[in-house]
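Everything on this sheet refers to the single structure shown next.
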Amino acid sequence: MHRDYVEKEGSPLGKATTRVDAFIKATGRAEYVEDIQSRFHDLLHIKVLRSPYAHAEVLSIDTSEAEKLEGVKLVLTGKDCPRTYERSEVFSLPAESNATWAGQGIAAVAADTKETAARALKLIKVKYRELPFVIDVKEAMKKDPQAVIDPKLGTYPGGRQYKPEAPNIASHQKVRTGDIEKGFAEADIIVENEYYSSRVSHSQMERASCIARPDPDRKGLTMWTNGCGVHLIKSLICSLLKLESSRVEVIQQYQGGSFGNRLAFSVEPLCAVMAIKTGQPCELTFSRQEMFIGSPSNWPVTVIIKTGATKEGIITAQQMTVIEDCGAHQNSVRDGRSTASGAVPVYRVPNFYQDIYAVNTNTPPVGSMRGLGTPQVAFAVEQQLNMIADKLGMSQLELRLKNILDKGEYNAYGEKVRSIGAKDCLRAAAEYINMDKQPEKKADGPWRYGRGISVAGKQNTPQGRSEADVIVYSDGSLEVRISCDENGMGAETAMAQIVAHEFEVPIERVKVTRAQTSKTPYDMFSSSSRTIYTTGNAVRIACLDAKRQLCIAAGEMAGVVPDRVEIRQGRADIIGGTLEYINIEDLFRPFSMFEAQQNRNLRKSTPVVGHGVFAPAPAIKWDPEIGHTERMWNWYQYNACGAEIAVNIETGQTKIIRFVSACDMGFPINPQMCEGQAHGGLAMAGSFSCNEEYMYNDKGQIINGSFVDYRLSTILDMPPNKDVKCVFCPDPLPDGPYGAKGIAESVTCPVAPAIAEAIYNAVGIRPKTLPMSAERILKMIEDREGQK
Amino acid sequence: MFREYYVPKTTGQCLEAAKAYGDEAYYLAGGTDLVVKMRSGAVSPKAVIDLSGVDGLDKIIQTDTEMLIGAMCRLTPLSKLAQAKGIDVICRAAGHVSSIQVRNMATIGGNTCNASPSADTVPALIVMDAQAVVAGFAGTRRIPLADFFAGPGRTCMEKGELLTAFAVPREKDITEADYQKFSIRGDSDIAIIGAGARISVGSGGVITKARVALGAVAATPIRAYKAEEMLTGQKLSEELVAEAAKAAAEEARPITDQRATKQYRIKMVRIHTAMALKNCMDRIAGNVRT
Amino acid sequence: MIGPVNDLLGKMQIHIQVNERDYDLLVAPDRTLLDILRNELHMTGTKQGCDDANCGACTVIMDGKAVKSCITLITQAAGKSIQTIEGLSRFEDGKEKLHPIQQAFIEHGAIQCGFCTPGMIMASKALLDESPDADEEAIREGLHGNMCRCTGYVNIVKAVESARDVLKGEK
């Protein structure tokens with residue numbers, strides 16, 4: 001383990017420090033957005049009328065009856081909305097023209113009670129003309145498809161031109177590494193398959209919620225939200241409402257999870273527009289059903305893949321088509337590249353071709369979700385390797401170890417590998433799940449047992465600047481002001497740990513101030529498992545800045561140059577002077593009317609503010625013909641999963657018997673929280689793998705958009721605690737704070753393929769469709785029996 | 001959600017209050033289903049008649065010939081009576097309804113009167129030949145539970161009638177029964193199918209009475225009459241169990257929905273009917289298995 | 001002929017006890033306990049996460065039993081004693097003393113986003129009050145009506161087991 005920075009005695013780094021927000025959350029006092037609604041006596045409640053049709057032209061909207069209802073303040077339709085044409089608006093603002101998915105907002109009501117708003121929705125009369133729609137992504141890609149938008153409109157929202165021959169293909173990108181023909185010619189074994197992973201939901205426990213209040217003092221708007229990235233929300237609202245930057249304040253309340261869902265602003269734009277138009281504070285909170293049909297999900301991925309290897313088990317070629325179903329609206333970052341990148345971080349593949357498509361369908365627009373498409377691709381790549389290992393009679397561990405990249409090598413995108421813990425992770429997972437042995441029992445009644453391992457990586461996107469302010473008060477206490485999101489992953493605690501480490505003080509002396517645009521400095525948002533990396537680095541730099549200022553002051557007092565001063569344990573230690581040290585509080589001098597008060601000396605009640613800015617090194621634009629660059633992504637986090645699974649051959653049900661997650665997060669700043677990420681990632685990905693999927697009826701409507709029928713895992717779906725194991729195999733990242741990368745997403749990447757492999761070892765079938773639901777597994781078992 | 005709220009003390013008062021509103025009054029038992037439906041707007045009654053104040057509706061009474069389970073018996077206490085001879089299967093089924101929080105409020109009468117095809121207690125009640133004791137202005141009448149349902153969400157009770165109890169006859173012969181709930185995420189999930197089975201054996205181990213009842217395979221919970229016939233008069237054996245389970249599967253008429261396809265449900269009926277029958281068989285043989 | 005218990009304006013007098021304090025309410029009977037706790041009594045520790053009583057974030061204890069307050073009408077709580085997350089800790093000697101379950105949730109990392117936490121803690125309390133010896137299986141059975149998307153439940157189970165041992169030691 002990387003301990004260079006950690007050997008300092010008493011440092012909280014690398015230790016299971018109690019979360020700074022645990023107490024307030026355990027006592028029910030943490031205020032989430034909905035909890036502060038009662039502060040506003042004249043609060044209006046917003047409800048959204050949604051299209052029942054997957055594709056329809058809105059011919060007319062008659063709002064007159066709704067407007068007459070007592071208590072209704074405003075009925076808003078798409079034509080009355082300001083727009084910036086940023087993708088995030090599509091979840092929030094009523095449709096401008098046509099409805100392009102079942103669930104798209106058509107009109108919205110603000111009323112003095114939720115009940116009145118709901119009643120008003122029923123009084124809005126909308127005339128629709130139904131249009132042909134397409135749900136299936138392959139259907140959407142065909143030569144003469146039904147278009148996701150009405151051809152009459154001419155352009156897609158976002159400006160893409162309508163192309164009659166391929167109207168729904170939003171993006172096609174290519175990667176061409178080596179010579180694919182030659183690679184397959186060198187192969188002794190070739191396996192070719194198609195994999196599909198379903199649409200799944202973030203389903204964080206707190207629904208999207210926001211309050212916007214016209215602010216007479218600010219002559220603008222104040223917003224309270226559980227959305228991610230307060231500064232981004234602010235800039236969107238400013239441009240939407242044509243308000244100057246100084247006029248909008250966005251405050252983040254406690255967030256009840258996100259997993260990427262809150263990176264799309266599902267509620268904020270509409271709430272802000274309503275507040276400005278009514279002149280009253282407005283709140284908008286999605287129902288759970290609206291979270292399914294009106295806020296983003298992940299994107300379904302189809303992978304058609306061909307892999308070649310020599311009989312020694314060396315991969316010679318991999319060719320794949322990756323199709324990302326991005327729903328009714330394309331997102332600027334949803335071009336398929338992040339998804340496709342799931343195929344490169346782990347293995348050495350000299351000849352590697354990818355064709356990457358992003359395709360529109362008449363389904364809810366997608367958004368970032370834990371893993372950003374890479375787990376779906378790992379599901380394909382890892383199973384390909386298992387099949388090759390089987391054919392070669394080689395252990396899966398050995399085959400993988402032969403092909404895993406080493407540090408310093410270049411991956412198939414041409415990127416230099418700077419940190420990779422994949423081998424250690426895989427070995428650890430294999431060891432803890434006893435991969436070289438059969439399960440103790442192979443069969444018990446209808447249950448069959450099997451084990452599987454898998455390894456995968458997740459890129460980090462090199463965007464997102466972070467800033468931090470570290471404040472040193474004249475009594476030596478500390479405050480860190482950050483705008484990164486605290487979705488629950490523990491960012492605030494980690495930042496407090498970093499400050500406590502840098503100043504060598506107990507963490508209790510560090511106060512964390514959460515995101516609020518007028519107080520806390522810029523941060524893009526917490527995505528791509530980057531918070532520790534970008535915000536953590538910014539906090540560290542801010543600490544150095546604050547310490548430098550203290551060193552200058554102490555140096556002046558002690559008559560030494562600043563670099564002869566070290567700030568630690570509440571003191572400025574002087575090296576080489578007559579004074580041994582000065583207490584921090586003594587660096588701040590009291591005011592005196594007999595002294596000049598504007599000089600450089602530090603003054604009581606005027607804290608020192610250190611500012612830190614960190615942005616990752618820029619990516620280098622890739623050649624569009626071959627998709628190559630030395631720096632497309634920032635770094636990769638790695639994870640291996642081991643799973644023992646029981647399969648019921650009568651019902652097709654699967655049960656997780658044992659679960660191992662081996663994580664390369666660079667450095668575990670807080671091991672307890674890293675473990676929490678691993679546990680949560682296993683449970684979530686286990687649930688994605690076996691149970692979760694959106695289902696549609698023949699009208700294109702989602703029919704299981706509730707916690708009744710969308711099968712989120714419960715406490716019964718995890719094995720006993722003794723059978724859940726978490727191991728750390730960190731490979732430090734050179735520019736990560738204390739070597740740290742991130743962990744949240746990569747945990748989920750290898751889970752589905754590990755489970756799939758365990759199922760194969762239990763019952764001899766290879767599931768290629770996610771989720772590996774009971775029905776699908778049973779059907780596969782029966783089909784195989786039928787063939788016998 | 002509603003305008004008027006009644007808390008009657010007697011069955012008569014319930015009937016009176018309900019009469020005044022016709023279709024627009026709902027009885028409230030535990031509320032775990034009704035409140036969800038009212039909140040979503042699926043039902044919007046004018047009046048709600050809370051049964052929790054009515055004397056005696058939450059009692060279990062034993063007579064020489066039958067057990068009377070009050071309609072307002074809550075599922076948690078009921079589930080703890082799994083040793084109660086003659087109604088043990090009903091009590092065990094009660095323990096499979098959703099989570100502890102729901103069972104603490106939900107009642108056995110409510111679980112029946114929702115008329116959900118997947119209600120867990122219903123197949124158990126049916127196999128024990130339970131009758132719904134229904135109070136109306138003309139007095140009380142009894143409806144065999146297998147005939148109690150008219151369709152999803154609909155019972156055969158007349159407007160304003162009130163289910164007060166279930167009468168479960170006492171069986172002289174050795175009787176064992178079992179209920180198998182099949183769902184993906186344990187009891188929190190709604191059953192994909194439910195299979196209830198009951199076997200009574202007379203002298204020489206001959207089956208004197210057999211019942212197989214299925215949930216979530218038709219518009220209402222149903223009895224699998226062919227399977228029952230096949231069992232009656234025979235001696236229990238693994239082969240017989242398999243045959244009867246197959247017959248039950250043939251009698252199921254499920255639909256495809258978001259929880260499962262029709263074909264899958266049919267297969268699950270066979271598997272879980274067999275398990276339920278097998279458990280009856282084992283219990284009769286003295287090998288208790290749950 | 002009996003009449004409705006609510007008055008002409010639709011409201012009804014209801015007495016409830018919440019966290020050992022008495023409240024006399026005049027409210028419409030069609031409101032849920034969750035709604036009253038949050039919007040009338042301003043006890044916002046109890047959360048709502050779904051539409052249909054599946055997530056368990058609204059769990060409170062009513063007369064010793066865990067219930068989902070989002071499907072409990074306020075009338076059903078009339079005359080009863082309710083415990084919510086706000087009433088679990090005690091202030092003693094100038095310091096807040098947490099309930100052992102709260103303390104265990106903090107120590108064992110059972111809290112991440114914290115949204116399910118109040119419901120999870122109340123369900124755990126009802127469970128341990130009734131079954132002081134609850135083993136891991138009983139804990140999972142008692143908590144499967146409470147969903148958590150962050151923790152994978154591992155540390156939650158650990159916390160409840162640890163609280164169980166502490167509580168047993170206290171007796």
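In what follows, every chain begins at residue 1, and chains take the letters A, B, ... in the order their sequences are listed. Worth saying up front: this structure is predicted, and the values here are computed from it rather than measured.
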Pick one of side chain, backbone, both or neither for [X], based on which atoms fall under 4.5 Å of a heavy atom in chain C.
X        : value
A:Glu486 : neither
A:Glu31  : neither
A:Gln255 : backbone

Quick one: of [options], who has the most non-hydrogen atom pairs under 4.5 Å with chain C?
options                               : answer
A:Phe659, A:Tyr254, A:Phe259          : A:Phe259
A:Gly257, A:Ser38, A:Ala30, A:Ser287  : A:Ser287
A:Arg29, A:Met489, A:Met673, A:Met291 : A:Arg29
A:Ala744, A:Ser713, A:Ser706          : A:Ser713
A:Ile24, A:Val724, A:Leu716, A:Asp717 : A:Leu716
A:Asn487, A:Leu682, A:Thr27           : A:Thr27

How would you list, by chain and number, every residue that makes a side-chain hydrogen bond (donor to acceptor under 3.5 Å, both in side chains) with C:Lys158, sequence neighbours excluded?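 Checked C:Lys158 against side-chain hydrogen bond (donor to acceptor under 3.5 Å, both in side chains); matches are C:Asn155.
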So which residue, [options], ends up with the most heavy-atom pairs under 4.5 Å with chain A?
options                                : value
C:Glu136, C:Glu161, C:Gln102           : C:Glu136
C:Ile111, C:Val157, C:Ile121, C:Val154 : C:Val154
C:His108, C:His99, C:Glu141            : C:His108
C:Met147, C:His144, C:Gln112, C:Met120 : C:Gln112
C:Gly114, C:Cys55, C:Ala110, C:Gly45   : C:Gly114
C:Glu96, C:His42, C:Glu86, C:Gln103    : C:Glu96

Looking at every heavy atom in both [X] and [Y], which two are closest together, and how far apart are they?
X        : Y        : answer
C:Ser69  : C:Val60  : CB-CG2, 4.0 Å
C:Pro118 : A:Gly28  : CG-CA, 4.4 Å
A:Pro719 : A:Ile657 : CB-O, 3.2 Å

Electrostatic pair [X]-[Y], nearest N-O below 4.0 angstrom:
X        : Y        : value
C:Glu130 : C:Lys65  : yes
A:Asp21  : A:Arg19  : yes
A:Lys47  : A:Glu290 : no

Is it the case that A:Thr285 and A:Glu283 place a side-chain donor and acceptor less than 3.5 Å from each other?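 Yes, A:Glu283 and A:Thr285 have a side-chain donor paired with an acceptor closer than 3.5 Å.
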Hey, would you say the A:Trp224 and A:Phe40 ring centroids sit under 6.0 Å apart? yes
A:Phe292 meets the ring pair (Phe, Tyr, Trp, His ring centres under 6.0 Å) criterion, sequence neighbours left out, with A:Tyr694, A:Tyr710
